[in-house]
Amino acid sequence: MRAILLFALFTTSLVVPCLSQTKKGGKSSAVKPYVIGVIEEIPSKQLGENRTLNIYLPEGYNAKDTVTYPVIYLLDGSADEDFLHVVGLVQFNTFPWINQLPKSIVVGIANIDRRRDFTYPTTVAADQGRYKTAGQSAKFISFLETELQPFIDRHYKTTKSKTVIGQSLGGLLVTEVLFMKPTLFNKYIIISPSIWWDNGSLLAQTSVALQESFNQKTEVYIGVGKEGLTPSDTPRVMEVDANLLYEKLRGAKNNQLTVYFDYLPQEDHATITHQAVFNAFRLLYPLPAKK
């Protein structure tokens with residue numbers, strides 16, 4: 001069953017009209033919510049639970065016309081996570097006087113257990129003990145491929161353009177998707193990825209995206225701040241891991257994979273997401289050269 005709730009700035013579940021005093025005559029008037037999208041709840045057989053989606057629809061979206069829109073999938077997409085500020089970046093960059101990227105639908109995937117969903121099984125005994133639910137990313141990727149994307153394509157007016165954004169463990173998941181299922185998206189925004197997971201074993205993986213036969217035009221942005229040591233027992237440095245990922249992708253044997261590396265020394269692990277997404281939009285959607 002498809003459940004839809006109105007999404008307004010001051011609430012994530014219910015819109016309640018309120019009354020306020022007007023400046024003239026003391027008369028009361030209804031205060032209207034500032035609506036930016038909808039909340040969907042969909043059942044997932046892959047995950048065995050219902051998942052909440054926060055969905056931003058661009059200005060002018062009309063289910064009855066023929067216009068279609070690219071879709072940006074956002075991990076950590078709860079209202080109290082990255083959804084609101086990333087939607088602000090999307091709206092800002094689609095203003096006609098800026099026109100950095102096309103009007104787009106944003107699908108924020110609210111979290112239930114991000115360490116479970118965003119990590120593959122680890123061989124590190126200490127992490128197995130610390131994080132009991134970790135290691136179920138294969139199920140989450142199946143959810144993205146077989147349930148979420150088809151759902152969005154059925155119910156919203158989409159093009160074939162699909163972008164995914166993930167930071168930290170979300171960046172690890174986005175990297176895993178790029179390696180294992182590269183055609184799920186055609187633009188990948190990877191921010192401060194937790195490559196340290198399982199002692200960096202993902203860097204040793206092969207991928208069809210690196211092979212000569214890969215024929216989907218795909219762009220990858222990798223952003224990292226001045227972040228230092230990772231939380232792993234074996235010492236690793238976040239910036240070094242991000243650069244190793246960049247070098248691996250840059251070694252692709254085809255001309256379909258384009259990779260951008262962005263070092264943001266003024267940002268750390270907590271502050272990087274907003275600026276990195278802004279930078280990624282500029283790199284992945286370059287404006288035509290002025291004549």
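Here the structure is a predicted model, which means the values were calculated and not measured.
In this structure, Asn93 CG and Ser104 OG are separated by 10.0 Å, a value rounded to the nearest 0.5 Å. Distance CG/Leu101 to CG/Leu287: 9.5 Å, rounded to 0.5 Å. Here NZ of Lys248 is found 5.5 Å from CZ of Phe179. Values are rounded to the nearest 0.5 Å. Summarising the geometry, atom OG1 belonging to Thr163 is positioned 7.0 Å from atom CG belonging to Leu284; distances are rounded to the nearest 0.5 Å. With rounding to the nearest 0.5 angstrom, the CD1 atom of Ile105 is 7.5 Å from the CD1 atom of Ile152.
In terms of modelled atom types and a separation under 3.5 Å, the side chain of Asn254 and the main chain of Ala209 share a donor-acceptor contact. Judged by distance alone, the side chain of Asp113 and the main-chain N or O of Arg116 form a donor-acceptor pair under 3.5 Å. With hydrogens and angles disregarded, no donor-acceptor distance shorter than 3.5 Å links the side chain of Trp196 to the backbone of Val237. Within the 3.5 Å criterion, the main-chain N or O of Tyr69 finds no donor-acceptor partner in the side chain of Lys103. Under the 3.5 Å distance criterion, the side-chain polar atoms of Glu267 are left unmatched by any main-chain donor or acceptor of Thr273. Listed for the Ser232 side chain is a donor-acceptor partner under 3.5 Å among the backbone atoms of Thr234. Put simply, the side chain of Ser44 gets close to the backbone of Leu47: a donor and an acceptor are under 3.5 Å apart. Looking only at distances, no side-chain donor or acceptor of Asn199 sits under 3.5 Å from a matching main-chain atom of Ser201. Under the 3.5 Å distance criterion, the side-chain polar atoms of Ser137 are matched with a main-chain donor or acceptor of Thr119. When atom types are taken as modelled, the side chain of Glu239 and the backbone of Pro265 share no donor-acceptor pair closer than 3.5 angstrom.
A salt bridge links Asp127 and Arg130; the closest N-O separation between the charged side-chain nitrogens and carboxylate oxygens is under 4.0 Å. Comment: Lys217 does not engage Glu219 in a salt bridge, judged by the lack of any side-chain N to carboxylate O separation of less than 4.0 angstrom. Using a 4.0 Å cut-off between charged nitrogen and carboxylate oxygen, Asp153 and Lys160 do not count as a salt-bridge pair.
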Please report the C-alpha distance between Ser213 and Gln211 in whole Å, then the side-chain angles of each, then the deciding distance to 0.1 Å, and finally whether the side-chain hydrogen bond (donor to acceptor under 3.5 Å, both in side chains) criterion is met.
CA-CA 5 Å; Ser213 58; Gln211 302 305 312; over 6 Å; no
Please step through ring-ring contact (aromatic ring centres under 6.0 Å, His included) for the pair Tyr188 and Tyr221, ending with a clear verdict.
CA-CA 6 Å; Tyr188 290 79; Tyr221 168 92; over 10 Å; no
Go through it in stages, so that I can follow the logic: the residues are Ser78 and Asn111, the test is side-chain hydrogen bond (donor to acceptor under 3.5 Å, both in side chains), and I'd like the CA-CA distance, side-chain angles, deciding distance and then a yes or no.
CA-CA 7 Å; Ser78 297; Asn111 280 323; 5.3 Å; no
CA sep, side-chain torsions, deciding dist, call: His155, Phe151, ring-ring contact (aromatic ring centres under 6.0 Å, His included):
CA-CA 6 Å; His155 295 290; Phe151 175 87; 4.5 Å; yes
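Note on ring orientation: taking the six-membered ring where Trp is involved, the planes of Phe118 and Phe140 are perpendicular (angle over 60°, cut-offs 30° and 60°). Using bins of under 30°, 30° to 60° and over 60° for the plane-to-plane angle, the ring pair Phe185/Tyr73 lands in the perpendicular bin. In this structure, Tyr156 and Tyr61 have tilted ring planes: the angle between them lies in the 30° to 60° band.
The shortest distance between side-chain heavy atoms of Ile195 and Leu244 does not fall below 4.5 Å.
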